[in-house]
Protein chains: 2
Amino acid sequence: MASERKATADPARSLALLWRTREPTSRSAGPALSVDRIVRVAIDIADAEGLDALTMRRVGEALGVGTMSVYTYVPGKAELVAVMIDTAYGEMPRPVVEGDWRTRLERIARDNLALYQRHPWMLRAETTRPVLGPHLMAKYDYELGAIVDIGLTDVEVDAVLTLVLGHVKSAARAASEVVDLERETGMTDGQWWQSHAPWLETFLKPGAYPTASRVGTAAGQQHGAAYGPEYAFEFGLQRVLDGIAVVVAERAASR
Amino acid sequence: MASERKATADPARSLALLWRTREPTSRSAGPALSVDRIVRVAIDIADAEGLDALTMRRVGEALGVGTMSVYTYVPGKAELVAVMIDTAYGEMPRPVVEGDWRTRLERIARDNLALYQRHPWMLRAETTRPVLGPHLMAKYDYELGAIVDIGLTDVEVDAVLTLVLGHVKSAARAASEVVDLERETGMTDGQWWQSHAPWLETFLKPGAYPTASRVGTAAGQQHGAAYGPEYAFEFGLQRVLDGIAVVVAERAASR
DNA sequence: GGCGCGGTCGTACGGCGTACGGCCTCGTTG
DNA sequence: CAACGAGGCCGTACGCCGTACGACCGCGCC
């Protein structure tokens, strides 16, 4: 924990890193390392083994250099993670989507979900202030552009995007937890519940929590597991879009 | 980092802790410590100084005992945090609310927001599987009970609750980040932006990201800060409830 | 009266992020 | 062409963290 907490005392240093303001070295043979190389292996490590496996020693090792060499290019781990995040945003597609706003917004939601599925560490890393890098800016600009013309105020458009992206992140986090748990315990979600259920029943007085038991059982049977993250994502997304459609329609009617 | 990752190999041990299955000691003078005392000071520390300040040494210190004494009552830090979470859920109100489902659900959302505001560390701790303690079960049962009768299937009711709680958590997290940043930098949100803006403009080519700039400026002026977490919460909540109302109405009509 | 056991906790280990200072290499300069 | 200095590299060390281990100690029980 704790790694992303630091508030990065010097804004200039962090921003310069994000925006890659750096005069190229005059040396003939360029240096062995670069911010890009570091970020690339760091993302690979985090993708494959999670944020906990991402240590500065590990990054140095993967690059074949000493641990402290990494610090020549990156002020600290928090800043490295920030650049990783901005880089990941950079790989998102930004197609021009045909169709109405709902189609476009739904597409944005699915693209963001896919991003989190490819880089689950982002769900645990983005705990501080947004990163303010070029790729995040481009993403924000693109996503706003898809819905600026739906008849809401600028402030409302911003809130609509925040709402949708928040839902995606919630759902992605839930899905990611299921995956994590399977990797760590070697059990599927269903197996995990089967192993815990007998113990739980030991403590539960029969008849306590009647609604929770009934609904929990129903959900478990429906999804073939205790929790269905895909269903939660789809159901929630459609509800959110329905809710947005209500204001959009209201606004169109009163014009 | 890393603290909540461990999958707690032994379910019986964790569950026994959560449900406080423990024969009272036969000793005349009870022991100096107890799970409850430990949990209480741990929550106080986390409330006051955040999850990062919560270390096992710190807990022992606050209790006036050696660090390792804490381990007599709690298998490890991850389990301690789990009990803290379940305990926090236990303090939530569970009133019988008059009115329609929307009133009840809105109340649930606000109560959950208040919980996260009182215990912001929960937003960073709940990264693993739900805790399965008695208070979480009671909370789940109560919240489901408020909406079981709205004419949806059990599975849908579960998804509705997940959606609303997910929105609350997203909004609470965003609000908490603003507060954190103010505490760490001693700047308000507005001041922080003012100190970063000149640097950012150095890198930005004029005319790049036109939509983002316009919307960002509008949002900033509206909220008197770069980001308005309260507005985002309210706007999103109404959209989500509107969206739920759409399915509820559909279902009522087709019956 | 002796024993055992539960509570207490000092010490130590392996891991983390990273400050510091030395070294080595190479383009630049007199 | 030789001396210099800056920039890249990195070994060592420090102060944190969670926690394994084993010793001590005082009480209830046979």
Side-chain angles (χ1 to χ4, degrees), chain A residues 1-10 13-14 17 22-38 42 45-46 49-82 84 124-125, chain B residues 1-10 13-14 17 22-38 42 45-46 49-82 84 124-125:
Chain A
M1 196 94 4
S3 41
E4 314 352 317
R5 310 251 67 204
K6 209 187 28 176
T8 320
D10 183 7
R13 181 76 201 268
S14 301
L17 183 67
R22 193 182 175 80
E23 69 292 355
T25 319
S26 56
R27 303 284 255 272
S28 59
L33 251 43
S34 71
V35 175
D36 289 294
R37 290 228 307 141
I38 291 170
I45 293 171
E49 301 174 52
L51 252 199
D52 295 332
L54 183 73
T55 70
M56 297 304 268
R57 290 173 223 270
R58 186 73 197 283
V59 170
E61 204 174 297
L63 287 162
V65 303
T67 305
M68 294 310 291
S69 302
V70 178
Y71 285 87
T72 308
Y73 296 86
V74 158
K77 189 179 181 182
E79 289 82 359
L80 172 57
V81 172
M84 290 167 63
R124 307 214 305 134
Chain B
M1 194 82 22
S3 40
E4 322 341 323
R5 310 250 68 208
K6 209 186 28 174
T8 320
D10 184 7
R13 183 78 202 267
S14 301
L17 183 67
R22 194 184 173 78
E23 67 292 354
T25 319
S26 56
R27 304 286 256 273
S28 58
L33 252 40
S34 70
V35 174
D36 289 295
R37 288 228 307 142
I38 291 170
I45 293 170
E49 300 174 52
L51 251 201
D52 294 333
L54 183 73
T55 70
M56 297 304 269
R57 290 172 223 270
R58 186 76 198 284
V59 171
E61 204 174 297
L63 287 162
V65 303
T67 306
M68 294 311 292
S69 303
V70 178
Y71 284 88
T72 309
Y73 297 85
V74 158
K77 190 180 179 181
E79 290 81 359
L80 171 58
V81 172
M84 289 167 65
R124 307 214 304 132

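Note that the structure is predicted; figures quoted are calculated from it, not measured. Here is the naming used below: chain letters follow the sequence lines, and residue numbers restart at 1 for every chain.
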Could you tell me how far apart B:Met56 (CE) and C:dG10 (C1') are, to the nearest whole angstrom?
16 Å
Is A:Thr72 near enough to D:dG8 that one of its side-chain N or O atoms lies under 4.0 angstrom from OP1 or OP2?
no
Between D:dC16 atom P and B:Leu54 atom CG, what is the distance in whole Å?
17 Å
Interatomic distance where NZ belongs to A:Lys77 and P belongs to D:dC16 [whole Å]
19 Å
For B:Thr55, which contact category applies under a 4.0 Å heavy-atom criterion: base, sugar-phosphate, or nothing?
sugar-phosphate
How is B:Tyr71 classified with respect to the nucleic acid when contacts are heavy atoms under 4.0 Å: base, sugar-phosphate, or nothing?
base
For B:Leu80 and D:dC17, what is the distance between atoms CG and P respectively, to the nearest whole Å?
15 Å
Please report the distance, rounded to the nearest Å, between CE in A:Met68 and C1' in C:dA19.
7 Å
Any non-hydrogen side-chain atom of A:Met84 less than 4.5 Å from a side-chain atom of A:Leu54?
yes
Do B:Glu79 and B:Arg13 have side chains that get closer than 4.5 Å, going by heavy atoms?
no
Between P on D:dG7 and CG on A:Leu33, what's the gap in Å once rounded to a whole number?
17 Å
Could you state the CD-P distance from A:Glu61 to D:dC10, rounded to the nearest angstrom?
13 Å
Side-chain contact test, heavy atoms from C-beta onward, threshold under 4.5 Å: evaluate it for B:Tyr71 versus B:Met56 and give yes or no.
yes
Using atom CZ of B:Arg57 as one end and atom P of C:dC16 as the other, report the distance to the nearest whole Å.
16 Å
Tell me whether the OP1 or OP2 atom of C:dC9 has a side-chain N or O from B:Ser69 closer than 4.0 Å.
yes
Rounded to the nearest 0.5 Å, what's the gap from CG on A:Asp36 to OH on A:Tyr73? Could you check?
11.5 Å
